[in-house]
Amino acid sequence: MVCAMARRDVKYETGTFITLVNGADFDKHWLEKRLLLTGQIDGADLVALSHSETLDESGLHRISKILDPVVSGVIPLSLKNGRGIDTILDRIR
């Protein structure tokens, strides 16, 4: 009953749905858990490829091509060098 009251009385909006994909372990996860990974990124507003500093440009391109049928535009993200942070902030504002 309390849950029903909370749903009735509370109004909220959801923001941008962001899914992080671990770039360093992508190949392992894609081979072992492809359906789970696909389900997690399907419908995301943004998909960020974390630990992108561990990948060269050809690796980033290869992963983007693999994920292209599920999501358009994977954003390489690295907290070590700041890559992609401004792009993500611009997209969620």
Side-chain angles (χ1 to χ4, degrees):
M1 186 166 207
V2 172
C3 290
M5 288 174 20
R7 278 186 261 135
R8 180 196 69 208
D9 296 337
V10 176
K11 304 278 189 257
Y12 62 91
E13 292 182 28
T14 59
T16 306
F17 177 54
I18 302 172
T19 298
L20 291 176
V21 175
N22 186 334
D25 295 330
F26 178 81
D27 292 327
K28 175 184 171 190
H29 292 301
W30 189 248
L31 287 173
E32 295 176 1
K33 304 172 186 175
R34 183 177 302 196
L35 289 176
L36 176 63
L37 185 58
T38 302
Q40 289 175 338
I41 65 174
D42 187 33
D45 298 310
L46 296 174
V47 174
L49 188 63
S50 66
H51 304 287
S52 68
E53 75 280 354
T54 65
L55 302 165
D56 59 15
E57 288 302 315
S58 66
L60 292 170
H61 181 72
R62 181 179 55 79
I63 293 171
S64 291
K65 291 288 271 184
I66 290 169
L67 297 179
D68 196 42
V70 184
V71 66
S72 62
V74 175
I75 301 168
L77 177 67
S78 174
L79 297 182
K80 286 188 177 183
N81 62 26
R83 182 180 193 174
I85 294 172
D86 289 336
T87 303
I88 291 172
L89 290 175
D90 289 342
R91 299 264 309 265
I92 63 175
R93 289 183 187 156

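For clarity, every value in this text was computed on a predicted model and none was experimentally measured.
- Here the closest non-hydrogen pair linking P69 and I66 is CD-O, 3.2 Å.
- In the model, T87 has no side-chain atom that pairs as donor or acceptor with a side-chain atom of D90 under 3.5 Å.
- Side-chain atoms of D25 never come within 3.5 Å of backbone atoms of K28 as a donor-acceptor pair (strictly under, hydrogens ignored).
- Within 6.0 Å of the CG atom in L31, the count of heavy atoms belonging to other residues, nucleotides or ligands exceeds 12.
- Two different hydrophobic clusters hold L20 and V47 under the rule that ILVMFWY side chains link at heavy-atom gaps under 4.5 Å.
- V21 and V71 fall within the same hydrophobic cluster, where Ile, Leu, Val, Met, Phe, Trp and Tyr residues are linked whenever their side-chain heavy atoms come under 4.5 Å apart, directly or through other members.
- L55 and L79 fall into different hydrophobic clusters, where Ile, Leu, Val, Met, Phe, Trp and Tyr are joined by side-chain heavy atoms under 4.5 Å apart, directly or via other members.
- The distance from atom CD of E57 to atom OG of S52, rounded to the nearest 0.5 Å, is 9.0 Å.
- Between the side chain of D45 and the backbone N or O of F17, at least one donor-acceptor pair lies under 3.5 Å.
- The only member of I75, N22, L60 that meets side chain to side chain contact (heavy atoms under 4.5 Å, CB included) when paired with L49 is L60.
- The minimum heavy-atom distance between L77 and G84, with the atom names listed, is CD1-C, 4.1 Å.
- Under a hydrophobic clustering in which Ile, Leu, Val, Met, Phe, Trp and Tyr are joined whenever their side-chain heavy atoms come within less than 4.5 Å, directly or via other members, V74 and I18 fall into different clusters.
- Applying the ring-ring contact (aromatic ring centres under 6.0 Å, His included) rule to pairs touching residues 30-81 yields F26-W30, sequence neighbours excluded.
- Contact between L89 and R93 at its shortest, heavy atoms only, is O-CG, 3.0 Å.
- Distance check, rounded to the nearest 0.5 Å: CG of D68 to CD1 of I63 gives 13.5 Å.
- Summarising the geometry of E53 relative to N81, their closest heavy-atom pair is CB-ND2, 4.0 Å, with the distance given to 0.1 Å.
- Counting heavy atoms from C-beta outward, L46 and T19 have side chains that stay 4.5 Å or more apart.
- The pair D27-R62 meets the salt-bridge criterion, with a side-chain N (NZ, NE, NH1 or NH2) lying under 4.0 Å from an Asp/Glu carboxylate O.
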